[in-house]
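The structure presented is a predicted model; accordingly, all values stated were derived computationally and were not measured.
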Amino acid sequence: MRECIALVVGAGSGSRFGGDEPKQYALLSGMPVIARTLAAFAKHPLITGVRAVIHPDDRDLYDQALKNFTTEKLLQPVNGGKTRQESVRLGLQSLAGNSPQLVLIHDAARPFVSDDIIERVIESLAQNKGAIAAMPVNDTLKSSADGFVKGNVDRDGLWRAQTPQGFHFDDILQAHMNAANGAEQTDDAAVAEVGGMAVELVAGSEKNVKITTMDDFMQAERMLGGNEHRTGQG
């Protein structure tokens, strides 16, 4: 089996979420969001290790969130940078000593990633340099001018990118190193594309939501059938 490490990125402040703590440490039906996300990867048989990238100020929050998390797959967290792209690069650099063949990069705030999505991304990497979970755009898209509808936007060929985004480790590390002093990219697939890698789209899921706002969090609670909407550690 090829070594595949999941890099879970949770170094952001979550300013749009509100609350006293970043969204990745909010208790989602009694379990911190980041713990749910790490657990989703740790239990998958094709994942050989998981590492979180966290904000330097959040180590106590991280340790509290993972205090009941027991698995040999969990690696020590590493500090991220000022941007997501920098955080991913620092996370990748920290894995250089592990020399994994594959790496899956995932948002800490997407706790509902399924085994099937993880497997589809990994399977794609047997034939491709990169692969990302994504969903086709089904809604009608409108362009605007001064707050009014200007026209429709053709949605053919448009996809909503999700994570995980998987790559051959050496290739994506080199792409991130090359991109370190360039323009900030929106995700790791964009970094890979700038580096000349072809990235395949594989089926994501509507359930693979990213928690960004409190409304997202409340929806996630409903998905789990939870009754508590706490954002602290209790």
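When hydrophobic residues (I, L, V, M, F, W, Y) are linked wherever their side-chain heavy atoms come within less than 4.5 Å, the members clustered with V103 are I5, L7, V9, V53, L75, V78, V88, L92, L95, I105, I132, W159, F167, F169, I172, L173, M177, M197, V199, L201.
A ring-ring contact (aromatic ring centres under 6.0 Å, His included) check over residues 84-132, counting only residues at least two apart or in different chains, returns the pairs F41-H106. The salt bridge (Lys or Arg N to Asp or Glu O under 4.0 Å) contacts involving residues 121-131 comprise K129-D171, where partners must be two or more places apart or lie in separate chains. Within the structure, ring-ring contact (aromatic ring centres under 6.0 Å, His included) contacts touching residues 42-74 (residues at least two apart or in different chains) do not occur.
With sequence neighbours excluded, the residues satisfying side chain to side chain contact (heavy atoms under 4.5 Å, CB included) with L90 are E86, Q93. Annotation: side chain to side chain contact (heavy atoms under 4.5 Å, CB included) contacts of L158 (sequence neighbours excluded): V137, L141, R155. For the salt bridge (Lys or Arg N to Asp or Glu O under 4.0 Å) test, residues two or more places apart in sequence or in another chain that qualify with R84 are D107, D188. The salt bridge (Lys or Arg N to Asp or Glu O under 4.0 Å) search around D57 returns none, not counting sequence neighbours. Not counting sequence neighbours, Q127 has no partner by the side chain to side chain contact (heavy atoms under 4.5 Å, CB included) test. Remark: K207 pairs with no residue by the salt bridge (Lys or Arg N to Asp or Glu O under 4.0 Å) rule, at least two apart or across chains. Residues that satisfy the side chain to side chain contact (heavy atoms under 4.5 Å, CB included) test with A40, not counting sequence neighbours, are V113. In terms of the salt bridge (Lys or Arg N to Asp or Glu O under 4.0 Å) criterion, D216 has no residue partners (sequence neighbours excluded).
The pair K67-D63 does not meet the salt-bridge criterion, since no charged nitrogen lies less than 4.0 angstrom from a carboxylate oxygen.
Hydrophobic clustering (ILVMFWY, side-chain heavy atoms < 4.5 Å, transitive): Y25 and L66 are in one cluster. Both L38 and V121 are part of a single hydrophobic cluster, where members link through side-chain heavy atoms under 4.5 Å apart.
C4 contributes atom SG, which lies 4.0 Å from atom CD1 of I122 (distance to the nearest 0.5 angstrom).
Between the Q162 side chain and the A134 main chain, no donor and acceptor come within less than 3.5 Å of each other.
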Item to complete: Run the numbers on R110 and T37 for side-chain hydrogen bond (donor to acceptor under 3.5 Å, both in side chains), then give the verdict.
Response: CA-CA 7 Å; R110 288 187 191 268; T37 306; over 6 Å; no

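Closest heavy-atom contact between G12 and P22: O-CB, 4.1 Å.
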